[in-house]
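Nothing here was measured: the structure is a model prediction, and the numbers come from that model.
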Amino acid sequence: MKERRTGLPDLKDAQKGKVVLRFAPNPNGPLSFGHARGLVINSTYREMYDGEFILRFDDTDTKVKPPMLEAYDRIQEETAWLTGRKPDRVVIASDRMEAYYEHASLMLEKGYGYVCRCSAEAFKEHRVGKTNCPCRDQTSLENLELWQQMLDRKFSPGDVVVRVKTDMTLKNPALRDWPALRLQDTEAHPHPRKSIGSKYVVWPLLDFQSAVEDHLQGVTHIVRGKDLMDSTRKQTLLYEHFGWNYPETMYWGRVKVHEWGGFSTSQMRLDIEEGRYPGWGDPRLPTLEGLKGRGISDEALRAFWLELGITQKDISVPLSTLYAHNTKVVDSTAPRLSFIREPVLCSLEGSELPKTVSHPVNPNDEKMGSRTWNMDKGAVYLEQDDVERGALRLKEFADVNLAGSKAIIHSFERSDKRSIVHWITEENSTEGTLLSTSNNEIITQNGRLEKHSLKPGTIVQLERIGYARLQEDGSFILCHEVSIEEK
RNA sequence: GCUCGUGUGGUGUAGCCAGGUCCAUCAUAGUGGGUUUUCAUCCCGCCGACCCGGGUUCGAAUCCCGGCACGAGCACCA
């Protein structure tokens with residue numbers, strides 16, 4: 001019998017204690033579900049190899065995907081929450097501009113690249129026609145001069161770009177003399193970090209910035225999405241110029257969550273700005289904040305991504321998979337609570353009542369204690385739907401037959417197979433609110449909630465309803481229903 | 001169009017590089033049952049897959065060739 005692998009595959013040529021990994025999001029918004037994959041996989045490898053994990057902010061575009069100032073701190077908090085500890089290093093690209101300039105200058109000096117004054121359209125013709133653009137033959141000196149003019153703001157965005165010299169006849173058109181740095185109008189689109197603002201007009205593009213930074217940080221292994229495969233090839237060509245060794249690289253495929261379809265940070269940002277959502281933590285959004293707020297645990301998120309692993313297959317996963325992981329993590333510690341939707345007040349009759357009735361806080365853990373309700377008044381709330389069924393067993397209490405607003409006690413012992421339902425006494429309940437999401441809408445449900453003294457943030461199981469998280473304002477937000485059914 | 005990548009049950013995933021021990025692993029979903037005074041948790045059973053066609057070989061999920069399908073890149077975005 002062959003060994004079946006469990007957990008992540010080994011990193012190639014990895015030595016314990018000498019592995020350096022990184023995850024590099026654009027801080028144009030807080031992290032979302034998809035980012036969690038990069039965080040979970042890379043930080044798990046850090047643990048496996050006792051290596052280092054770098055969180056890097058690739059904030060080099062101020063116009064198309066402008067960074068969001070608050071995101072820098074939030075992403076660090078989210079990283080700590082999800083991976084269980086702080087990154088070993090935090091690198092912000094916009095703080096590293098001098099290093100990128102230095103390498104750009106070196107690249108031009110050595111003839112590894114050139115300053116190209118062709119328009120984007122003109123260059124596209126060269127790219128598809130496999131012909132050299134005229135700028136390609138400039139001398140190092142000419143290139144360095146043009147480079148200085150770029151830095152001196154003698155050009156406007158769009159006029160000029162620094163390219164890496166590869167080979168215009170390469171089979172893959174994406175790799176032909178790819179652009180490394182360009183100009184940005186940072187007067188019109190200043191960088192949101194005050195120390196950066198409009199200080200620079202020349203900015204590196206991802207492939208250049210990332211390649212140089214990976215080398216400078218000593219990154220040994222890169223694990224990222226396969227959409228960046230060509231990026232690896234571009235960067236490898238640059239590494240060859242400089243005589244550097246490119247890190248070992250692994251890729252994962254695209255993941256679609258059936259219920260969410262496509263979403264992007266930029267689009268969410270727009271929706272929030274236009275008021276379609278009140279903020280990034282909205283439970284309808286697939287942000288880490290939104291998921292956490294609904295009661296998805298970090299452990300469940302980790303288990304989810306680890307299970308998918310790093311295959312290059314493009315897959316579509318239902319949310320129920322994530323919920324199944326979450327139930328597993330949360331159930332054993334979730335206190336049970338009674339919440340009555342569409343409450344109907346009934347009076348208990350037909351027998352003398354006990355003083356109190358007790359329920360376990362969690363039936364699988366006696367140590368969590370019990371909930372005790374005072375039965376003096378004999379008034380209880382039941383759900384409308386249950387009342388209509390006529391004969392019920394009130395959980396942990398008695399069989400009753402419904403007659404109007406009377407619940408006549410039939411027996412305390414279980415006498416037949418009638419349904420067991422949750423309930424609450426009037427005295428031990430208050431007004432309560434349960435929020436849930438459906439079809440991109442938030443549904444508010446008011447009802448009678450069992451009194452409790454739980455702290456905000458606690459994830460509970462509302463009996464016969466689902467897992468929910470207690471919010472600051474006292475309302476609950478539904479994470480997922482108790483029985484997860486695929487639709 | 002060019003380039004690259006991927007195809008294992010309903011959904012994921014292991015096995016593929018180094019062919020037999022694979023009548024193919026594990027999970028999830030579905031289904032049936034057990035425990036349980038929750039439509040929860042937990043436990044047990046069942047269900048169900050190697051994209052297609054050739055080739056190599058005593059032997060192919062695994063190697064080779066050809067199809068087909070799906071995805072990504074070809075941005076002065078990340």
Under the 3.5 Å Watson-Crick or G-U criterion, the dot-bracket string of RNA chain B, with | for inter-strand pairs = (((((((..(((.......[.....))).(((((.......)))))....(((((..]....))))))))))))....
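- Counting heavy atoms from C-beta on, the side chains of His215(A) and Glu213(A) never come closer than 4.5 Å.
- Taking atom P on both A18(B) and C23(B), the two are 22 Å apart, rounded to the nearest angstrom.
- Judged by a 6.0 Å distance limit and a 45° cone about the ring axis, Arg448(A) is not positioned over the six-membered ring of Phe339(A).
- C43(B) and C51(B) have their P atoms separated by 32 Å, given to the nearest Å.
- Not a single donor-acceptor pair under 3.5 Å links the side chain of Trp178(A) to the backbone N or O of Arg163(A).
- Minimum atom distance to the side chain of Arg233(A) is reached by G5(B), of the listed G5(B), C76(B), A78(B).
- When distances are taken from the side chain of Pro318(A) to each of U11(B), A40(B), U37(B), the shortest belongs to U11(B).
- Nucleotides C17(B) and U62(B) have their P atoms positioned 9 Å apart, rounded to a whole Å.
- Listed nucleotides: U6(B), U38(B), C76(B). Nearest to the side chain of Arg182(A): C76(B).
- Nucleic acid contact class of Gly158(A) (heavy atoms, under 4.0 Å, all strands): base.
- When distances run from any side-chain atom of Lys328(A) to the nucleotides U8(B), A40(B), C42(B), the shortest one goes to C42(B).
- Using a cut-off of 4.0 Å between Lys/Arg side-chain N and Asp/Glu carboxylate O, Glu78(A) and Arg74(A) are scored as not salt-bridged.
- For Gln461(A) and U41(B), a side-chain-to-base donor-acceptor distance below 3.5 Å is absent, hydrogens and geometry of angles not being considered.
- Within a 6.0 Å radius of CD in Glu396(A), other residues, nucleotides and ligands contribute more than 12 heavy atoms.
- Within the nucleic acid shown, Gln312(A) comes within 4.0 Å of sugar-phosphate atoms alone, with no base atom in reach, counting heavy atoms only.
- Residue side chain Arg414(A) does not reach the base of U37(B) through any donor-acceptor N/O pair under 3.5 Å, judged by distance alone.
- Rounded to whole Å, the separation between the C1' atoms of G15(B) and C70(B) comes to 23 Å.
- Comparing the P positions of G7(B) and G12(B) gives an interatomic distance of 13 Å, to the nearest angstrom.
- Of the listed nucleotides (G12(B), A78(B), U3(B)), A78(B) has the atom at the smallest distance from the side chain of Leu206(A).
- Using a 4.0 Å heavy-atom cutoff across all strands shown, Thr311(A) reaches sugar-phosphate atoms only and no base atom.
- The base of A40(B) is not paired with the side chain of Arg464(A) by any donor and acceptor separated by under 3.5 Å.
- Salt-bridge formation is detected for the pair Asp207(A)/Lys234(A): a Lys NZ or Arg NE/NH1/NH2 atom is positioned less than 4.0 Å from an Asp or Glu carboxylate oxygen.
- Residue contacts shown for Asn364(A) include a base, since a base heavy atom lies under 4.0 Å away.
- With Phe23(A) as the aromatic partner, Arg37(A) does not meet the cation-pi criteria of under 6.0 angstrom to the ring centre and within 45 degrees of the ring axis.
- Residue-level contact check: Pro25(A) touches neither bases nor backbone, having no heavy atom under 4.0 Å from any strand.
- Among the heavy atoms of the strands, none lies under 4.0 Å from Lys63(A).
- Spacing of C1' atoms, A49(B) relative to A29(B), comes out at 15 Å, to the nearest Å.
- Residue-level contact check: Ser332(A) touches neither bases nor backbone, having no heavy atom under 4.0 Å from any strand.
- Using cut-offs of 30° and 60° on the angle between ring planes, the pair Phe33(A) and Phe304(A) is tilted.
- Closest to the side chain of Pro173(A), from the set U38(B), G5(B), G73(B), is G73(B).
- At a cut-off of 3.5 angstrom, the base of U25(B) holds no donor-acceptor pair with the side chain of Arg5(A).
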